[in-house]
Structure formats: structure tokens, C-alpha cells
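For reference, the structure is listed below as C-alpha cells.
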Amino acid sequence: MAQRASKKSADPAANQESAQVVKDLHERMVRIRLFETEAGKLMEAGRLPGFLHLYVGQEAVAAGVMAALRDDDQITSTHRGHGHAVAKGVGLREMYAELYGRVTGACLGRGGSMHINDLTRGMLGANGIVGAGVPIAVGAAFAARYKGEDSVAVTFFGDGATNIGAFHEGANMAAILGLPVVFVCENNGYAEFTPQSGHMLLTDVADRAAAYGMPSVIVDGMDALAVHRAAADAVARARAGAGPMMIEAKTYRFYDHQGVKGLRHPYRSAEEVAEWKARDPIDLLEARAVADGTATRAELDDVWQRTRDEIAEAIAYAEASPLPDPADLLLNVYSG
Amino acid sequence: MAQRASKKSADPAANQESAQVVKDLHERMVRIRLFETEAGKLMEAGRLPGFLHLYVGQEAVAAGVMAALRDDDQITSTHRGHGHAVAKGVGLREMYAELYGRVTGACLGRGGSMHINDLTRGMLGANGIVGAGVPIAVGAAFAARYKGEDSVAVTFFGDGATNIGAFHEGANMAAILGLPVVFVCENNGYAEFTPQSGHMLLTDVADRAAAYGMPSVIVDGMDALAVHRAAADAVARARAGAGPMMIEAKTYRFYDHQGVKGLRHPYRSAEEVAEWKARDPIDLLEARAVADGTATRAELDDVWQRTRDEIAEAIAYAEASPLPDPADLLLNVYSG
Amino acid sequence: MTIVKEAPAAAPNVVARKLTYVKAFNEGLAQAMREDENVFVAGEDVAGYGGVFRMFDNLLDEFGPRRMIDTPISEAALVGLGVGAAARGLRPVVDLMFMDFIGVCLDQIVNQAAKMKYMFGGALSVPLTITTASGAGLGAAAQHSQSLEAWLAHVPGLKVVMPSDAYTAKGLTVSAIRDDNPVVVMLNKVLLGSTSEVPEEIYGIPLGQAHTARQGSDVTVIALGRMVGEALAAADELAAQGVEIEVIDPRTVQPLDTETMFASVRRTNRVLVVHEAVTFGGLGAEIAAQIQDAAFDHLDAPVLRIGAPFSPVPFSPVLEKAYVPDRARIAEGCRRLLERS
Amino acid sequence: MTIVKEAPAAAPNVVARKLTYVKAFNEGLAQAMREDENVFVAGEDVAGYGGVFRMFDNLLDEFGPRRMIDTPISEAALVGLGVGAAARGLRPVVDLMFMDFIGVCLDQIVNQAAKMKYMFGGALSVPLTITTASGAGLGAAAQHSQSLEAWLAHVPGLKVVMPSDAYTAKGLTVSAIRDDNPVVVMLNKVLLGSTSEVPEEIYGIPLGQAHTARQGSDVTVIALGRMVGEALAAADELAAQGVEIEVIDPRTVQPLDTETMFASVRRTNRVLVVHEAVTFGGLGAEIAAQIQDAAFDHLDAPVLRIGAPFSPVPFSPVLEKAYVPDRARIAEGCRRLLERS
Ligand SMILES: Cc1ncc(C[n+]2csc(CCOP(=O)(O)OP(=O)(O)O)c2C)c(N)n1
Ligand SMILES: Cc1ncc(C[n+]2csc(CCOP(=O)(O)OP(=O)(O)O)c2C)c(N)n1
Ligand SMILES: [Mg+2]
Ligand SMILES: [Mg+2]
């Protein structure tokens, strides 16, 4: 049975959290939110090619986990990877430039949304194949241990992804090899348009960890501090050599599976959407921060404003960037 | 947590088992044992091409499960499939002829040991790919329900096979679709030469069933009656529409992973082998049958003798059978 | 784009009606489901949502949850479900969404579905249809844009069709479902919204029969899937310059109707093969190898192949456009062939 | 079988020493592990047992459990482990035992390992080596006997080598490990026990460089993997009849050294390509397509392809023997080519 950490976050102990951490989480979340809402607008305006799987609503998970990581810790991500990349510190300019397909992009315009990566930040890539990032993170953790480093690897995946073989194989592999991998399931209740109840019989994805002899914990994925505490524990555990662990963060996506379309869609009831929106992870953190005096409204607003400016600048950079040269079609197919 | 059914078999209630069932189980086990030991000898003598993964030691599982099935119930099997085929009623002549690569074989000589099948007996094939039979059984169960029939599908797999994606996906698929599939894990403690402790952290494979919301039971895989009772329960449950269930049978193979070589090999200790051999499933059943008066020694011996004759005849048939004609190389690649 | 349409035998009074490629597929599937109670559909979001490409729209309403099955993201189990159900007499249609995902379930397609009949000594058939969307052109990048027909056509026991327009999307799908073998239906993502005339009643298009989409005497262009339309456009352009291109649409790439190709090449003496897949190891290689053998004495120039360069599919539209073959490259290829004495 | 051996540059005093194919592989791997601390091996039963084909014998003793990793039966995770470790600077060697198993892990090979560098804009390299045993001839039937090089060679970003003897088994393995790209080493099961001269010290064989195993003026035979030995045997037989066959061993099928082939064909004017894989869509198609293009005016006969018939690999030895190409069929093919004016 997975441990439930969600309770903890209602605990008065939460108030002890250092103001530093709260501000860090807030900043990461705001960056993600603005990056994504602006990307959504650009897409609606027909300015971006390809697909976008927006992360809006799930910011507490990326922020909470990434705040527990070092630059040399590695992550593997999913089709819904912008939030992870932003939170891990990938440059906004390079990210937008990539969405625009510019040569200054994170993938030189070759990869697009689903392949954003930054090796200097330990971002081992978004991934277009559901579940495929899981074994890759296991390999990254293997390399860290092999080289005698104490970095860890974190792999993000959705509720739907836990039904694919690569997840199962990767989890068992990490467990039997005792590798420093943290498995973060972002359970947003849906795999595309199929509710969790339509793709598995379990209520808690975390219960799958037991099949690998792996401990697990369930957190409120709208509560950045709760996620952060759980992640810090799991990361510390992994770093200390105690092996992998799974975190299930219960969360929700505020936009459609792909694109922005809006919140309501036949597959989700208006009530359900409203309930989750009422627990917007940024609102929650801000309200708490203001209530307990960790930050003033003005300070928080300042973060939004600074980030807005940075985003506008990044978009302008992307738009001004040159396109790749078709003469370079074969660039980087092979090394050497 | 998996239910433990192994206790039950020590229960005095076991004695109530009808003599009919005991004799049925005995006969199936003897057939398997003799089929396999003779096949092993033929292989050692260089008379059979290809590989042989012998089932000796695990007879109680195939016999116990198959005695709970009807002809229209379907099974999918593994690389170690002879025991399942014999117990499901596939003809010994066709099986030997197949091992010899004769045109009278179960696969017309095209498939060999790892593809023996008999659709008239619900034997949907051995399989050379670990785990691949699992989703196929799920499909067979789907077809039964779709057609409004009440047959069930049983899929056999090893401890090692539960680490592969297809097992995971198939188990979850059966669970979410509520299909009449019985998952039988023959846990013989090894995946080739790797002990269970080297490929998973769990002691009981059955604990993996919980990841799919599937009930499970653990039985003594050397006790044919215990296996049979567990299988009868699971089959009845599935037939009644209550969905899939997993049975873990703890068992052991008396020969090497492939071929016969003998019992001892560096990867298994002599003590371990001796302990398991002391619990030979046929000896156990025979001892109990004689002790409680279900059968006389003479009756049991008669089964051995009759089976021996039948096997000798089947081998003679196989040896006398013609080889396939190379002119027919393209036979059965396509239908129609 | 003009395609010589085969009138279905049983339909003399068909009124010309245009349908999109995806609607034609959908109509063929629905009719095949009406025709045979044993046909069902399984895949991710095929039922409740109607498929991410709208391929399965309205089918849940008509056929209900018994025959329209939403599955978890478990492609190996999904194809396996189809194999097991087909082995037991049903006619499953399983959908793989993007063709690029076959890497996670190829064992079930290649080692199970395709080989089962053979390995089992003919004891059963596996009338399984696998539908999937292939092709580049939507900025979907390297893991969502591939054309992998060369892998599948190399597998004994499989059949593979590549509809090139709405008419073939419907007819080939119907034939795939009616066929007793595993058949992969490779729809093309860019074509989904394209229209052509489609008869209303159910019709099949014979598998393994190529179609001469345009007749011409100067160069034979053999084009796969979406490239058929590009070849026809190139032919229009060249016709204005007095060059007559013959365009052959194989429709089925396994089995491949090479006789139609040979006959054409023996008349035109020049041939170009074009597909979206990377050239190296693509189906064009097989076609070229067969033609140079069968029509050796008839060729005035080597068989010319046009495909993608040897790289993953790039994301940036400016690169993707340069990557995928198009009418301009086909026309230029034809001109090059004609220059060769 | 006699093969012209390249003397490694750095080894002037090598004493002729024969080794089996599998031992040569093993020696090359061990030396590569000694050379580079970042090389490790992972796979099923590779450590404790030394591999089911004895490919990894004694490596656990020398390199210990840190560098020799037994894994669960989880090929997707196994290859993924290699991809992730390679992305982080190690040089993993992951073993897939039978090549037929790639169907369960092709996504990690094709969509991850092969495309990662490209998709990531060149941010990293994936120096991953995948070893596996391919080929028919052991009565292992349809799911344990395939030669699937055509699939892999069709994938941009991958390299693929097919050692044809002990010498190349060692040298190509070493080069695969030293290479900064994902390389699949396709060993041949039937050759495992065959011997040839193998230098003791570590040496690489350049990837993408074909080797002329025998010179001749009448027909060029391009043979893959085990077929090289068969071609050389056929050449011996034909030499006795006064026909001189040139035998080319591509060694690497991706990238493919076509220049060596073209040069040969321009001299012999007749060419035969032979491989174990089914002919349709096999690598012979690509080779034939390229040769008919590059040497169009030099061919006295169409490029002839010899491969397996379009069927899964049969079990019964009498069928398997008829199925796999051999020296007799190669010799007969050469004669047919020579008959053609
Ligand atoms: C192997 C594979 N199958 C299917 C898809 C198509 N697909 C992309 S995202 C997605 C749903 C994923 O659900 P989940 O893991 O819960 O992540 P979420 O989208 O909710 O973040 C699917 C089915 C894919 N990309 N890869
Ligand atoms: C996908 C795949 N990987 C590896 C193998 C090689 N292989 C055959 S049997 C086997 C071990 C299976 O172990 P288990 O499932 O416990 O069955 P057992 O042999 O013990 O009956 C392996 C690794 C295979 N056939 N298929
Ligand atoms: Mg989800
Ligand atoms: Mg086992």
C-alpha cells in the first residue's frame, strides 16, 4: 500500500517551510504557467507548427520535484514536457525558438515540442513515445552510480503511461539494480480522453510500485510544498543509495490533451473541471504564502511581471531567430 | 496480498477429493513425464533437431490446471510448452512427429517444439517469445465473451516472464476489460540461469496481480490437487463473469533450462535440487493416493505401463512418418 | 487531383459523391461492421472519442461498447488481443494511432500475427486488420511522422496497403477486413482531409492489384500513398510540356503487383519510384531491383528512386518540406530520366 | 574457408592464431573493456552464465558485477538502460540474445537510440552497442532464426555490422564499441564455432568499409554475414571450372560501402547479391537498386538476388536447408549470370 503524504500538507509543520523554498516553487510555477499560456496563444494564432501538450494545471508537480534536484540530477520527460523543462532551468529563449522551429532552438529546430532537452541542465528530453523515458532514466541513474557520482534520475510519466510495458520493465529494472531513480507519476486522471477508471482498475497508481518491491507515496499534486517534501525525501533516499521510489501526484490538466481548446469537453464534466480549477496550484501557494507572511502580494505580482517580461523577450528572440537551412538536412544524424 | 492456498492442500478435506480427479491428474502427469523423459533421451541421442525446454518437475501445474478445463477452453503456452500440450490432450503422435520435423506433426513440421498447437483441443500454441502468449490469451477470452460463449482462457508463463512488458499490458488489459482469463505463473525459481532473486525483488510473483486489481492465490506447484482446486476456483470465477485471476504455482524444473544435461549445474546447488526432487509431484500424488486408498500401486503402475506403450507407439509413428516436401516451402504463409 | 475510379461491380447507378479520406475510411469500416458481426474495433480513444484523427467517429453510437473498445495505452496487448481474437474466429480491427508506435508492439505483429498460421501448420487464420496513420508533413517530428512500410513488406505473412485517396481508403479498408490474413492499413495523415469520389455502397479493392492512375508513354512513375497525388500533379505539369507520364499506384505493397509495373516499363522504358520513406532500404529498392531484373532489356535509364534523405523526419516546417518528396522533385526526376539517352 | 586477412596496422609480428568466432568476439569485447573503463555489458544471463551462446564467458571473473550486469527479461528496459547510460557518457554493450527479440524493444532502438542525437539538435551522442545472434540453420524455427538487417539498415542514425568470420567478429565488435553511434552487431549463430586467424591484440575494422574477400574477374558476389563463407566455397568450386568469382563482404550494412561494389561490378559486369534474409525487401534490394543505377552501362545482366523465399523460417531441417541460400545456389546463380549474354 502506498503511503499517503497528502495529509501532511495540511499539517501546521508546513508553515515551517522556509520562505526561500516557497518563493522558489512560486517562481518555477509562474514561469511554467506563463510559458504555457503564451505558447497556447501562439498556437491558436497559428504561429507555431506541430502539436502542443500543455502543462497548465500540473505546475506544482514539476516545480515541487525540480526544486529538490541539482543541476547534475537527470530527468526524463514526456510528450507533456514543457513544464519539466522550464522547471529544470532550460532557457525560455531556446524553448520558444524550438517551438517556432528556429535554428536557435533547444533542438536546432529539429525536434520541436516533444524533444526539448538541455544536457547542461540534466534535462534528458521530452519524449513522443509514451513510457519510453522511463528506461532511459534508469540508464542515466545507472551511469551516475557507475561513475561513482551521487546524482539521481527522475522520470516523469502519466497515469496512462503506467499501462505500457516500458514503464513496467523500467520500474522492475531500477528496483532489481537498486538504482537512484525517482518515479514520478503525474496522475491527471486521464490518458488523452480516457479516464483513469477506463484504463486501470486501481484508484491509486502508486499501488503499482509494490509490484517491484518499491516504496511509494501519494501526494496532492496541486500542493507544490507537499510535492516538494515528498520529492526531497525520495531524492535523498535515492541519493543515499536506498534505491528507487515512486511518487504519485494527483493533479489535473486545465487545457485539452493537445492544444488549448478550453476546459470543457464532453469527456470531462464542467463540475469536475471547476472543482480542480478551484484548487489552482499557483493560487493555493500564493494564498498560503500571503496568509502566513512568507510573501506579500506585491512580491508575488512582481514575479508575474518579471516573468511576463522575460517571456515576451524570449518570444521576440524566437521570432527574430533564423530558420534552419535546408542544406543542413543531414546534420547530426550521426556522430563523427 | 495474494491469498495462500498451499495450506489448504495439507487439509484433511483433500482426502475428500474424488478418486476420479486423482486418477485423472495422475494420468496427465505420467503422460507428461514420460513424454518429456523420452524426448530428452531422443535429443541426447541426437535424433531431434532444434531446442527442447523440458517440463519435467512441473507436471502438477499443467495437470492440475488442465483437469479444470473443458476442450473449448483455450490456453496459451510458452517455450516450455510440452506439458501444457500433453495435459490439454494434444495427440502424442502429432507432438513427437513435430519434434522430429515430420509432415505428420502438429505443425506439419514447420514449427517444432515451440509452436505446438491444437485448435481442436483449445491449445493456442506454445510460443518462442517470452510473455507473448499472455495478450493472445486475453484476445481468446475476448472472443469467447464476444460470441456469448462461456469458455475461459488460461495463459501460462514463468516467473521470469512477469518482467516483460507484454505480461504487464496483457494483465491490465484483461482486468480492465473484465475478461475470463486465468493467469497461471509457473514459478520455478529461475529465468534461464538467473534466480528469481536476481530478476525481481518480490518473493511472491502473485503480489504483482494487485497492480491490476486482480485477485491472486499461491499454491504448492508440486501438489497437483492443490493446483487443481485453485484452478477450478479461478476458472469457475472467470466463467461466471467475475474477471481474471492469477495463480502462482511454486514449482521447479528437474532438468536444465534447455535440454537435459542433468540436474546439477553451478547456478543451482545440489541441496536445492535434492530438496525439490524429494517433492516430485508424481511421487507425492502417488503416495497420497496409495495411502488414502484412492488407488492401488498396481493401478498406478498400470498407468505407467500403458503410457509407456502409447509413447513408444507414438515415437515409432513419428519415426515412420515422412519428412515435409521442400517443394511445399510456401505452404500456409498466407490464407486463401 | 484526378484519379481513374473503378466502378464497383455491383453498383451501376452510383451518383458521384465526394468524401474526405477519413470519412471514406470511416464509412468503409462501418459498412464492414454491418456486413460482418465478427468485426470489432479496439484501440486508444477509438470509441468514446472517435479516434484522435476522427477515424472512428460515430461508430460507438451505432455499434455500442461491445464492438467499439477503448483500451489502455498498451499496444503490445492491443495487437495481442487482436491476434487472440482473430485466432478464435473474430475479425478484429486494432488501431495503432501513429505508425511510429509499432516499435512497441512489433513482436505481436511480426512474430505472432504474421507467423502464426505458418508455424501452426495452417491450423488457423489470423484475419486481423491493423489501422494506423503514417507520413510526414504536419510538423509532428521524428517520432510521429514515419512511413515504415518497408519493414512490414519484408515480413512473410503480412499484407500491407497504402490508400492514396478517399476511394482507396474505403475500398482497401473493406478488403483488409474481409481478408483472412493480417493486413496493415497505412493511412496517410496529410491526406485525411482530402476528398475524392466515393461510392456509397460497400466495395472492396482487390489486394495485390496495382492501379494505373494515369496513362502515359514517356515515363512510368510508381508512387506510394500520398505520393500518388504528387505524381499526378507532376504529370499534369509535365503534360503541359508535352511529356506523358504514366502513374502507377500499387495500393498494396505486400503483395506487390509487379506485373502491372513491368508491363508499363516495357512500354515507357523509363521508371521512377517515389515514396515518403527514406530512400535507403525503402520499398523503392525492392521495386527497382525487380524492375531492373524483369525489364533489363527495356530500360533506357536506370530505375530512379526518390525518397526522403537518410535522416529522421525534421520538425521545422522549412526542413520537413525539403525532406519529403513532392511534385517538383518528381517532375525533375522525370526530366532527368528523359535526358538520359 | 580462406579469407584474405587484413594485418592490423600496429601488429607486425602477429603469429597466425586461430580462434572461433565466438571466442574472437569475446576477446574483442574483453579488450575493449580493458581499453575503456566506460564499457559495460548488460543482458540476460550474460554475467553469471556467460551468455547462452558463451559470448560472454569469463567476463564476470575479470570485470566483476559492476561491469557485467545480468538483467531481467525486459528487453525494452534493457535497451533503454543502454540508451540512458550512453547519453550520460558510458559505452554500454547490451545483448539481445536472439535477433528475433528486437520486436519487443524496437522502439528503444529506433525511436530513441537512433534518433536521439538528431532530435536533440546534436546535444549528445549515443555510443551504444547492441549485440545479438541472427540467422537460421539450427532448427530454431520461425521466432529464433531471423536475419532482420534490412529493418535496421533502413533506420537513419543506426549502424549495423554483420561479421562473417572470427576475424571480423572481433574487429567489428571493437569498432562498434569505439564508435560514437548506436551500432548493432549481428553475430551469426551457425558461425559461432567456426574458426579463422585472429590477431591477439586489439584491433578495429573500419565501419562502412567493404572487404574484397576474393578477387575475380567474371562475377561479383556480394554476400552478407554467413553467406560470405558460402560464396567463397562457391568460388572455389567455380574456379575449378575456370570461372573467377570476386567475393565482396560489406561487413557493415549501414553505412554501406557501395563504392567498392561499384568498382568491382564495373570490372566484372555481372553481380549477384546473397543474404539469408527473405529476398523481398532485403538488403539485396538496396544493393541491386544502387548498382543498377551506378553501373547501369556496365551490367551485362540484371543484378541477381539470392535470399530466402517469402516465408517464415521453417523448423524441419529438410525444409530449413532448402530455405537458406547456400554455396550450391550461389554457384548456380553465377552460372546463370554468365549464361546471360
Ligand atoms: C506508445 C504510445 N502510444 C500512444 C501514444 C499517443 N499518446 C500520446 S499522449 C497519450 C496519453 C498519455 O496519457 P498519460 O500518460 O496519462 O499522460 P497525460 O497526457 O495525461 O499527461 C497517448 C495515448 C504515444 N505517444 N505513444
Ligand atoms: C522476449 C524474449 N526474451 C528472451 C527470451 C529467451 N528466453 C527464453 S526462455 C527464457 C527464460 C524464461 O524464464 P521463465 O519465464 O521463468 O520460464 P522458465 O524457462 O523458467 O519456464 C528466456 C530469457 C525469449 N525467448 N523471449
Ligand atoms: Mg494522464
Ligand atoms: Mg522460471
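To find a chain, count down the sequence lines: A is the first, B the second, and so on, and within it residues start at 1. Please read these numbers as outputs of a predicted model, since none were measured by experiment.
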Problem - Minimum heavy-atom distance C:P72-A:H199, with the two atoms named - result: CG-O, 3.6 Å

Problem - Considering all heavy atoms, the nearest A:A191-C:I73 contact - result: CB-CD1, 3.9 Å

Practice task
Identify which part of A:H257 has an atom lying under 4.5 Å from any heavy atom of chain C, answering side chain, backbone, both or neither.
Solution key: neither

Handout entry: Segment of A:N332 engaging chain C (4.5 angstrom heavy-atom cut-off)
Key = neither

Problem - A:E98 side chain near C:F315 side chain, heavy-atom distance below 4.5 Å - result: yes

Problem - Max heavy-atom pair count under 4.5 Å with chain C, selected residue of A:G105, A:G160, A:C107 - result: A:G160

Problem - For the student: nearest non-hydrogen atoms of A:F193 and C:V52, plus distance - result: CE1-CG1, 4.1 Å

Handout entry: Least distance between heavy atoms, A:P49 atom then C:P317 atom
Key = CB-CG, 3.5 Å

Problem - Any side-chain heavy-atom pair of A:T194 and C:E44 under 4.5 Å - result: no

Handout entry: C:M97 and A:E192, any side-chain heavy atoms less than 4.5 Å apart
Key = yes

Exercise for the section: Step through the shown structure and confirm whether more than 12 heavy atoms of other residues, nucleotides or ligands are within 6.0 Å of NZ on C:K189. Expected result: yes

Exercise for the section: Measure the spacing between OH of A:Y334 and OG of C:S311 and express it to the nearest 0.5 Å. Expected result: 10.0 Å

Exercise for the section: Could you pull out the closest heavy-atom pair between A:I129 and C:Q143, with the gap in Å? Expected result: N-OE1, 3.6 Å

Fill in the blank from the handout: d(A:M200 CE, C:S74 OG) to nearest 0.5 Å is 9.0 Å

Handout entry: Atom pair CG (C:L78) and CD1 (A:I164), whose distance is rounded to the nearest 0.5 Å
Key = 10.0 Å

Practice task
Give the minimum heavy-atom separation between A:P326 and C:L319, together with the two atoms involved.
Solution key: CA-CD2, 3.8 Å

Practice task
Would you please classify the geometry between the C:Y49 ring and the A:Y267 ring as parallel, tilted or perpendicular, with 30° and 60° separating the classes?
Solution key: perpendicular

Practice task
Using non-hydrogen atoms and a 4.5 Å limit, figure out which bit of A:L99 sits close to chain C: side chain, backbone, both or neither.
Solution key: backbone

Fill in the blank from the handout: Cut-off 4.5 Å, heavy atoms of chain A, and the answer for C:A140 is both

Problem - Side chain, backbone, both or neither of C:F98 within contact of chain A (heavy atoms, under 4.5 Å) - result: side chain

